[in-house]
Structures are given as structure tokens and as C-alpha cells.
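Note that the structure is predicted; figures quoted are calculated from it, not measured. Protein chains get the first letters and strands the later ones, always in sequence-line order, with residue 1 at the start of each.
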Protein chains: 2
Amino acid sequence: MTLKDVAALAGVSIATASKALNGRGYVHPQTRERVVEAAKKVSFTPNSLARGLLAGRTGTVGLLTNDLVGRFSIPVLMGAEDAFGTGKMSVLLCDARGDAIRESYHLQALLARRVDGLIVVGSSTDPRPSLGHDLPVPVVYAYGPSQDPRDVSVVPDNVAGAALAIDHLLSLGRRNIAHITGQEGYLAAQDRAAGASKRLAEEGLALAGGRVLYGDWSEAWGRSAASALIEQNPTVDAIFCGNDQIARGAIDAIRDRGLSVPGDVAVIGFDDWQVVTTGSRPQLSSIDMDLETLGRTAAQRLFAAIDGSEGSGVEHLPCRLVVRGSTMDGA
Amino acid sequence: MTLKDVAALAGVSIATASKALNGRGYVHPQTRERVVEAAKKVSFTPNSLARGLLAGRTGTVGLLTNDLVGRFSIPVLMGAEDAFGTGKMSVLLCDARGDAIRESYHLQALLARRVDGLIVVGSSTDPRPSLGHDLPVPVVYAYGPSQDPRDVSVVPDNVAGAALAIDHLLSLGRRNIAHITGQEGYLAAQDRAAGASKRLAEEGLALAGGRVLYGDWSEAWGRSAASALIEQNPTVDAIFCGNDQIARGAIDAIRDRGLSVPGDVAVIGFDDWQVVTTGSRPQLSSIDMDLETLGRTAAQRLFAAIDGSEGSGVEHLPCRLVVRGSTMDGA
DNA sequence: TACAGTTAGGAAAAGCTTTTCGGGCTGTTT
DNA sequence: AAACAGCCCGAAAAGCTTTTCCTAACTGTA
């Protein structure tokens, strides 16, 4: 099953066999045919290890994630795999589970396998420590940026995404817009709140309720916060929520109070997590971070870096508005 | 950054450097110290490619999935990664996206990289075509079994899981138990229905409504099916649902009709998908397929096969009952 | 002093592929 | 007729590590 066997079977030298299979140099068509035939016969597959050893490039990239169970890593990973092209580039996957020691262990293993580059996927959009600059391969940080601005990072633009949500609500004629979101400690929560406030301020408006309602990222919080909000501010006519679960909770609470969504209160979420958005009644509008595009972009940046391009800094990718029943006038 | 550099820096031969770092043969402690020091200094990482080329084993396994976005592959993958041990074994991930051509392409790439073994993760529990037996490495099928009984497969025991759910409902004193589930075409739907019916039959009972309510795996179906069911069979006191989304829809429909869960009707789902089970009111009891254990087991079977063990056939792993508010008496 | 037994370290092969270089050969040009 | 160009193929090196075998030196003993 090695090239030597193929060469022997075809009655040529190893060098000729190699050239025949790779289309290099001068090989008589008839000879080439014999070699190809022999290779097929023994189902020869060139050994990538030997190839990589020689070429210095392995056609493998490492994907270091910290939150595989979470729903953010996977789309990024998909996009990256997509960009690499089927079979051309392979992905070595490691999940550090938020543990720095485990991470450095994985990193070591990846470097030993001579990956051509690394993509680091954060578990949140909070900046994370850089892997450093003395690595022998380029690194791209996706979803969560590196703390070091000299690194290359690709992240979703939460601020603009929030503005998109507010824009949409404004376009529906809503003016009393509240914002319920998750833990204040998350940069994602801060960014989305900032984006929403800024956009409202541009229109001379302020958040209904006077402030951002921080809590946690759960439906339960969405329910209780929305309920209390409506209680205290009956004029609220729209709620922008920090994620889809909160939004779904808000929808349920509003319906429980006998109000209609979106008739009385329009609701929009964030993340566009299908299982949540399509399960609710009415279905939930949301802001999609388009993580697959983000993953693809990260892969492209990595390719560029592998090919010698320099560049650095944090690149913010736009979000997409996905309109469903919870903000649809006709509903 | 190669062993040669380390050896030169430490003033020894390559062979000695190798032995010093790997603890083989006779090396003077002082020499060893010098070598280790030198290796650390240039941050030497042994080239896995060269190592693998020599040893014939690469410490890499291929993970071929068909449904990365789906929620079943990931826990399996996690469990497998877990079993392999951090840094010791690496995982090459490929997503064929249900495309046979893409799959064979990925397979080729994995074999070229000389993986030590393969785990194939199905996108459903329906049997899938075997990769064949002329592969140079062992293969274990996880979640979805191979159609070929000579292969090694590890799958969740849906039949027993359904019986577990029925047992639980019976233990609450419920006797009029209905079953709402997804498309009849899915083996998972059939197995769960069969397990439920069998367990009921053992108690001399039959399904409330007289038949299994097949539909799709959505909340919307759960709502409409549960609503119609209660309408026609007011005596129903429990519903076993084929997945969590259907169950959540059922809960909502029951509450909409002014009945209480679990007071009037107990509801239990399947899959234990946290975002669905913990978001509902009350929180949803469910059957957990424990996919991480499944992944771990698949990895162990693969290890065994790599080490020469034979064995074959489909191994069914038990499910776990997770009790929450929707079947809790006190609630 | 010679020898056996340890101990330390080096030379070289193996593992597989790709690429470079050079040697035959045929046919053509001067 | 001689030289040259073009074509085809093979020998060998490079890429990096591990392991086996071997030599040299040293310790202790007969």
C-alpha cells in the first residue's frame, strides 16, 4: 500500500510512479497509465505524513474551542470547515473547556502535529488572553477576540446588531422601547445595550423604564423582567431582548398578561437560535450573528496569514435582521 | 526547532538527545539535564509526523459526522474527545453533511493522514450504510448504527428509554397515557413508540387515544396534537412525547386549555435538551440518552479495536430519567 | 595487569514521499 | 558525421524521529 509497492507492480521506479501520479515531469502516457492502474488496484493513498514532513506544510489546521457544547462554536466551525474545502484541508478539533492548562496541553499537541495554522474560538465575545506571538504558526481568534490588538480577531458586531434591532422596532412605529438582557458582566450584554441606547439617543429617545434590565440569559428572567416592566410601564410598546431565551420568556409573560405580541408589544431577540425562535408563539424575530460567515472569514484570514499576509486587529462582522411574527405588523 | 538543533545546542548526538528526552537507554543524568535544558530553550516540540511515519501509529482518530449543526453529534464528540484524553489523542473532524460523495472524499483525506481509527456519528438513529470492511483501520459507528451487523455500533436504547418514561408515569398513578411523536419514518419514533406500547401492554394497558400520534418533531405539532387529544379524550392524564419540543408544545397547549401540568396531565419528553426542558413551565421531565457516555463508549470500543480486539454488533446503551416539574407530584 | 561487566554516547537504518539531477535514447539539425 | 535537443526514466537526497547496534571508556576484580 505504499508507493514502492505501486512502483513495483507497475514495473517502474518510485520516482517515476510519483511523477506519474502527480502529473509532474516527463512520463510516457502508457507508463502513466500503468502506474495509475496499479495504484487503483492496491487502492494506494499517498501518506500525508511523509508528504507533510517533506513539504513543511500539512494541510491541517487546529481549531481550539472553549465551548463545544455551547451553540456558538459549532456554526463557526462549520463555516471554517466550509472555507477550507472538502478534503483539501483537515481540521484538528480540541475543546479546552475553559481550562487554561488543558488549552496549553492541546496547543502543544497541535503544534507537534505541525498544523499550518490555528483558529481559536471563544466561548463568549469577551476578549481572551492571547496565545502569544512566539508561535510558529499564525493564529486567528474568532467570536471572542484576543486581548492583544496585534492578533487577528474576527467577531460579530454586537453594537451594530443592537442598532439593527432598534431600527427595526422604530420602523414599526414603536417609541417606548425597553431592553432586557443577561449578566452585565458579559461584554455581549454591554455592547448590545450600548448599541441600543446609542441608536435610541440618535432619535432623541431613551430606554423605556429608564435603564437596561440586566439579569441572566434565561427564559425565567425574561418572564419576570417583562412582567414587572409592563406592570410599571404600561406604555411600553416594544422590547429588545439580549438573547432569544429572554425574548421568548418575555413573549410568554406578555401573553399571560392578556396583551398581544406584536399588537401591543413587539419583541425581538438576539442570536436567532432556531429552536427558540421558531417554537414561540408568535415566532420570534431576532438578530442573527451569522456565525458561519464569521467562521468562513476567520478561515480566510488564516489562509491569508499562512500565505504570508500580515494584517492585525479586530474585524467586526455585521449581523442580520430576521423578521418573524413577533415584530410583524400583519400578525 | 528540530531535534538536531537541540542536540547541537546540548553538544550531544541526535540519538542521545532523543533518548534523553524520552527516557530511553543509558544517558548520564547530567547530560539528560543539558538536553532537557536545551530543548526548553528552543521550545522544541517533537515532530509528530516523523514520529507517526516511523511508528505507524499517529495518535489521531477521524470523526466523521453527518449532522454537526444537529444537537446529537456534539455530545458524542465531546464524550469521545474526553475518552481520548487531553493531548494524548487528537481528533480530526469532518462533516459530510449527509452527502455520500463528500463523505468518501473526507474518508480519503482521513486515511491519507493515517488516522488510527474512525468514529462515524449518524444524524439519526436510523441505520446507515457501512463504510465497508476493506479499510485499513477500525471503525465504530455511534448514535446511528451501521446497516452491516459485522460492524461495531454503539447506539442509545430508545425502546428501553421509552419504557423508562412509561414506568415513571405509571409510578405517578397515571393510567391514561398518550404518545405524541415525530415522523413515523424515523426509527427513533418507531422504537420509542414500540417501547411505550410494550411497557403499557405489560400492565394490561393501551395507549390513550388508541394509537400513536405521529407528526413532526416540532412544538407546533405538540401543541395541536395535545389540544386535539385532550379535546377527544378528556380522561388522558399523562402524555409521553417523542422529543422535548413536542412535549413543550403539549405543555403549553394543556395550560392554554386551563388544565394544570402535572396536576391534570403529566408530560414527559425525550432527549433532555436543556434549553427546551428548563425553559418551559413547569420545567420538563425528560429521557436523557446520555450521549456523552455513548461517545466515550464508542471511543473505548475504538481503542479496543485498534489494540486488536475483535467484537462486533450493535451495543445499546441505557437512557436516564430526568425528573422535573412536569411530572413531579408536589408541583 | 588483564578481563568482565557497566555505562555513556554515537552511527546508521527505517519509515514514505517528492524533487533534483543525470544518463540513456531517438530524432533532428548543421 | 557530429552535435544537439527533446523525451523518458532511475538514483539519491531531503525531511525528522526512534531504535538497534556498536564502540569507547570506566569500575572493579581476579
A:Tyr186 atom OH, neighbour heavy-atom count above 12 within 6.0 Å = no
Pick base, sugar-phosphate or nothing for B:Leu49, based on heavy-atom distances below 4.0 Å to the nucleic acid.
-> nothing
Between [atom2] on [N] and [atom1] on [X], what's the gap in Å once rounded to a whole number?
X: A:Tyr26; N: D:dG10; atom1: OH; atom2: C1'; result: 17 Å
X: A:Lys4; N: C:dT17; atom1: NZ; atom2: C1'; result: 12 Å
X: B:Asn22; N: D:dT20; atom1: CG; atom2: P; result: 13 Å
X: A:Leu54; N: D:dT17; atom1: CG; atom2: P; result: 15 Å
X: B:Arg32; N: C:dA8; atom1: CZ; atom2: C1'; result: 11 Å
X: B:His28; N: D:dC26; atom1: NE2; atom2: P; result: 12 Å
X: A:Glu33; N: D:dC9; atom1: CD; atom2: C1'; result: 18 Å
X: B:Arg114; N: C:dG15; atom1: CZ; atom2: P; result: 14 Å

Can you see if the side chain of [X] gets near the phosphate of [N] - specifically, an N or O under 4.0 Å from OP1 or OP2?
X: A:Asn47; N: C:dG15; result: no
X: A:Thr2; N: C:dC16; result: no
X: A:Arg24; N: C:dT19; result: yes
X: B:Thr31; N: C:dG9; result: yes
X: B:Ser13; N: C:dG10; result: yes

Yes or no on salt bridge (Lys or Arg N to Asp or Glu O under 4.0 Å) for A:Glu103 and A:Arg128, after CA distance, side-chain angles and deciding distance?
-> CA-CA 12 Å; A:Glu103 182 172 282; A:Arg128 49 149 292 147; 2.8 Å; yes
Look at the side chain of A:Ser18 and decide which nucleotide, out of C:dC16, D:dC8, C:dT19, has an atom nearest to it.
-> C:dT19
Report the residue (A:Arg51 or B:Ala15) whose heavy-atom-nearest nucleotide on DNA chain C is the more 5′ of the two.
-> B:Ala15
State plainly whether the residues B:Arg97 and A:Glu81 are in salt-bridge range, i.e. N to O under 4.0 Å.
-> yes
By nearest-heavy-atom nucleotide on DNA chain D, the more 5' of B:Leu53 and B:Ile14 is B:Leu53
Mapping B:Lys19 and B:Ser48 onto DNA chain D by nearest heavy atom, which one lands closer to the 5' end?
-> B:Ser48
Pair B:Thr45-A:Gln108, side-chain donor/acceptor within less than 3.5 Å | yes
Would you confirm whether A:Ser153, through its side chain, and A:Ser146, through its main-chain N or O, come within 3.5 Å as a donor-acceptor pair?
-> yes
